[in-house]
Amino acid sequence: MKNKGILTLKVFFLIITTDIVESVAELFYKKAVLSTGIENVLFSNLAEFAGGIVSSPWTWLGVMLYTVNFFIWIVVLVRVDLSLAFPVGSTTYIMVPLLAMIFLHEKVNPMRWFGIIFIIAGIYFISISGEKPKEALK
Amino acid sequence: MTLKLFLFVLSAEVFACWAQVMFKKGSASIAAESVRGVKGYIRFIGDVLRIPQMWVGFSMIGATITLWLAALALGDLSLVMPLDSMQYILIMAASYLFLGERITFMRILGTLSIVAGIILVGIS
């Protein structure tokens, strides 16, 4: 049995890929929601809202990306523990502010910096959270 | 109203977690070494779609989406968005209880640090 508690570079990149694809898909969903022209979703216009979402090409592009993502995610799960893969997937939360800082020269406030540092530290702890090789042999 | 909203989001989180457990259980029958090369990947897609647990997972995802949409119609989601970080704790507990994964001290520390980070990023 291979040790599924170790985060290899390959698996790490696969998880990062799913995060990037998911961020793009969410952007598409946002576009789909905007294309409906409905600002407040209520029970009364829920059907209209749903209709608008389903007929938007952005929704289907998003669904396509989610499908691709699903298979990449399964490749990840075949290789490592769920309790390892899932938290590492939290890089989406730091990608958006970092990209906004680099490309849009937006200022990141101190609170957000703290959050980003906590997330990066957390991913580091998780990456070294596997059992020691000796224990893994049991 | 708020309690109702909270319960909708909570059950959405539980279904999302359940889906992940089913995907992980389903993936156990696939050997990591077999997923290699173009042929390997094509066979992999076919194999995945033939695993019953994957379909249970898909229906759980369907339930999650339905509950989120219902919650969306109920009220202001920004109030309950911090609950989303709870998913990380649920996944850790479920991995231990249903998948028998070893939750080491470092893994708990890492997960809690990520949850704290997400809350900090979220409220700023």
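We name chains A, B, ... by the order of the sequence lines, and we start the count at 1 in each one. Any value given below was found using the heavy atoms of this structure, including those in side chains, with hydrogens, waters and symmetry copies removed.
For B:F58, the part sitting under 4.5 Å from any heavy atom of chain A is the side chain, from C-beta outward, and nothing else. If you measure heavy-atom distances from B:A31 to chain A, the contacts under 4.5 Å come from the backbone alone. Interface remark: B:F105 contributes no atoms to any contact with chain A (heavy atom separation under 4.5 Å). With a threshold of 4.5 angstrom between heavy atoms, A:V80 approaches chain B through N, CA, C or O but not through any side-chain atom. Looking at B:L49, only its side chain comes within 4.5 Å of chain A, counting heavy atoms on both sides. Both the backbone and the side chain of B:L109 come within contact range of chain A, each with at least one heavy atom under 4.5 Å from a heavy atom of that chain. Only the side chain of B:I103 comes within less than 4.5 Å of a heavy atom in chain A; its backbone stays farther off. Neither the backbone nor the side chain of B:Y96 comes within contact range of chain A; no heavy atoms are under 4.5 Å apart. At a 4.5 Å heavy-atom cutoff, A:W113 makes no contact with chain B through either its backbone or its side chain. If you measure heavy-atom distances from B:S27 to chain A, the contacts under 4.5 Å come from both the backbone and the side chain.
In summary, the side chains of A:W73 and B:Q20 do present a donor paired with an acceptor at a separation below 3.5 Å, with no hydrogens or angles considered.
When the heavy atoms of residues 117-125 of chain A are compared with those of chain B, the residues falling under 4.5 Å are A:F118, A:I119, A:A121, A:G122, A:I123, A:F125, listed by number.
Residues B:M86 and B:E13 meet the side-chain proximity criterion, which asks for heavy atoms closer than 4.5 Å. When side chains are defined from C-beta on, B:K24 does not count as touching B:Q53, because their heavy atoms never get closer than 4.5 Å. No side-chain heavy atom of A:K4 sits less than 4.5 Å from a side-chain heavy atom of A:L84. A:N109 places a side-chain heavy atom less than 4.5 Å from the side chain of A:R112. Annotation: side chain of B:I89 is in contact with side chain of B:V115 (closest heavy-atom distance under 4.5 Å).
Put simply, OG on B:S95 and CG on B:L90 are 10.5 Å apart, with the number rounded to the nearest 0.5 Å.
In this structure, A:L9 belongs to a hydrophobic cluster whose other members, linked by side-chain heavy atoms under 4.5 Å apart, are A:F13.
Put simply, of B:A116, B:G110, B:A93, the one with the most heavy-atom pairs under 4.5 Å next to chain A is B:G110. Most heavy-atom pairs under 4.5 Å with chain A, from the set B:I30, B:I118, B:I61, B:V48: that is B:I118. Comparing A:V88, A:V108, A:V78, A:V75 by how many heavy-atom pairs each has under 4.5 Å with chain B, the most go to A:V78. Interface remark: of the candidates A:I74, A:I94, A:I128, A:N45, A:I74 forms the most heavy-atom pairs closer than 4.5 Å to chain B.
Across A:W60, A:W58, A:Y66, a single residue satisfies ring-ring contact (aromatic ring centres under 6.0 Å, His included) together with A:Y29, and that is A:Y66.
A:F86 and B:Y88 have tilted rings, their planes meeting at an angle from 30° to 60° on a 0 to 90° scale. Ring geometry for B:F23 versus A:F70: interplanar angle over 60°, hence perpendicular rather than tilted (30 to 60°).
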